[in-house]
Amino acid sequence: MPVQKLKQYDAPQPVNWEHYLINGRLEKWDGAFEEVYAPMGTVQEDGTVEKIYLGRSPLLSADKGQEALDAARQAYAAGRGEWPTASAETRLEAMEKFLARFKALREEVSTMLMWEIAKNRQTAYKEFDRTAQYMEDTLAEYKRMHQEGSHVSAKDGIISQTRRGPLGVVLCLGPYNYPLNETFCLLVPALLMGNAVIFKPAKYGVLLLTPLVKAFQECFPAGVVNIIFGRGRTLASHIMSSVDVDVLALIGNSKSSNKLIEQHPKPNRLRQILSLEANNPAIIFEDADLDLSVKQCVNGALSYNGQRCTALKVIFVHRSVADAFLEKFTRAVDALELGHPMDNTPLTPLPERGKVEAMQELVEDAEAQGARVVNQRAGRLNDTCFFPAVLYPVTTEMRVYQEEQFGPLIPVIAYDDLEEVMDSIAQSDYGQQASLFSTQPATIAYAVDNLVNQVCRVNINSPCQRGPDYLPFTGRKDSATGTLSVHDALRSFS
Ligand code: G3H
């Protein structure tokens with residue numbers, strides 16, 4: 001396998017970020033720091049990558065987590081603080097001011113999205129724009145809900161008014177794959193509803209958030225937004241061991257959320273808003289339009305290298321069309337380009353340390369149990385680049401089926417009877433979405449009627465995805481707790 005070299009571009013000026021925001025004050029940290037490197041860099045002949053330094057961010061100690069929690073608790077003041085009792089107009093004004101500051105940072109934040117987590121140019125800007133749009137839509141929905149809440153009803157001799165109130169202190173933990181969008185999809189509704197928030201970014205995708213810290217400081221009252229940097233096991237674990245946390249809002253995986261919830265002294269009191277891992281299947285029926293299915297499955301499985309909770313993680317294909325599908329599918333996968341995010345190629349390097357090795361291990365496990373890599377270009381290209389591998393025939397015993405690969409591996413399973421597929425989906429620990437590919441309305445109708453009781457969204461001749469954001473986004477079993485959409489998120493945080 002030849003070593004893949006990437007085109008070189010000038011990296012942005014390093015961001016040596018030394019601050020954190022607690023109780024309205026930007027404090028300087030003088031302890032340990034995490035150094036941040038771009039996953040792209042100079043590739044040596046042996047495939048090792050000399051990574052590019054992008055900056056550093058604080059590794060705060062547990063007592064800083066405690067300070068952030070104290071600040072949020074004081075700001076909330078058992079629901080009697082300035083922010084939870086503020087009028088809707090005051091909250092809207094603060095959020096609108098923040099949105100204007102946010103929009104001005106488009107270039108800076110999107111550029112860092114490319115460099116820090118290797119999101120290609122188009123998706124980096126799209127993530128930024130989608131987040132701005134989400135904020136605008138949330139503001140509009142909040143106004144609508146507020147108006148609705150001001151109505152007085154009279155029925156059965158009771159005059160009443162129903163309004164939604166905040167929940168308290170929210171610990172908000174976002175993911176590395178959508179460090180901006182998914183974080184803001186939690187923060188914005190949480191704040192608008194009057195909660196006080198402690199936010200800690202994920203392990204990767206940290207520096208891109210730093211230009212926003214000052215905007216938070218200047219737009220919200222002291223203690224309402226506290227932003228801390230460092231390791232989850234130091235900060236989040238400590239914070240969660242306090243009864244003062246009312247809401248855990250986490251986008252990540254169930255192992256982390258379970259561990260954190262176990263720390264809470266009164267888990268029954270804790271509102272959980274969790275978007276977790278998934279194993280979304282595509283089902284290619286014998287009457288599918290194969291060209292359309294191939295196009296949609298390549299996109300669904302491999303956009304952002306498969307590092308999306310909504311990515312298609314397994315393809316079930318009817319045995320009668322398996323060979324024809326695989327021939328077209330492997331050709332389409334092998335035609336993809338992998339390059340520097342600035343080149344806007346569909347595939348890019350993988351930001352997580354050890355990810356290339358993790359992908360290799362899953363391939364080896366599948367091969368040891370009888371699967372083959374059926375496309376030609378698959379495999380490690382250097383320390384941070386892995387060309388997607390299509391694995392076939394995969395069985396439900398293989399790790400790549402049982403675990404969420406969250407990367408460029410596509411397991412394909414041939415089936416004879418749809419009931420086998422339905423059984424596998426029913427037995428899975430996950431239940432987020434599924435995609436169906438067929439040209440026949442009757443085929444689709446039967447599968448939809450059965451699948452809607454297994455997953456939370458069924459996509460027809462199209463890949464799984466979260467958007468558009470007016471649709472409810474949730475999952476069954478280990479895939480989610482609570483529902484997120486512009487409307488539902490405001491309800492979830494109140
Ligand atoms: O990682 C999970 C995201 O919510 C996926 O969002 O379907 O818009 O890429 P997306």
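Every value quoted in this text rests on a predicted model; they were computed, and no experiment measured them. Ligands are counted one by one from 1 in listed order, and the atoms in each one are counted from 1 as well. We count residues from 1, following the sequence as given.
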Specify whether Phe184 and Phe98 have parallel, tilted or perpendicular ring planes, treating 30° as the upper limit for parallel and 60° as the lower limit for perpendicular. parallel
Would you say Leu113 and Pro179 make side-chain contact, with heavy atoms under 4.5 Å? yes
Check each N or O atom of ligand 1 against all protein N or O atoms and list the pairs under 3.5 Å, with atom names and distances to 0.1 Å, one per line.
residue  : atom  : partner : partner atom : Å
ligand 1 : 1 (O) : Asn177  : ND2          : 2.8
ligand 1 : 1 (O) : Cys309  : N            : 2.7
ligand 1 : 4 (O) : Glu182  : OE2          : 2.4
ligand 1 : 7 (O) : Arg308  : NH2          : 3.0
ligand 1 : 7 (O) : Thr310  : OG1          : 2.7
ligand 1 : 7 (O) : Arg466  : N            : 2.7
ligand 1 : 8 (O) : Arg130  : NH1          : 2.9
ligand 1 : 8 (O) : Arg130  : NH2          : 2.9
ligand 1 : 9 (O) : Tyr178  : OH           : 2.4
ligand 1 : 9 (O) : Arg308  : NE           : 2.7
ligand 1 : 9 (O) : Arg308  : NH2          : 3.3

Hey, is the main chain of Asp287 close enough, under 3.5 Å, to the side chain of Thr439 for a donor-acceptor pair? yes
Side-chain contact test, heavy atoms from C-beta onward, threshold under 4.5 Å: evaluate it for Leu139 versus Leu192 and give yes or no. yes
Would you call Leu191 and Val170 a side-chain contact if the rule is heavy atoms closer than 4.5 Å? no
Using atom types as modelled and distance alone, determine if a side-chain donor or acceptor of Arg457 lies under 3.5 Å from a backbone N or O of Gln465. yes
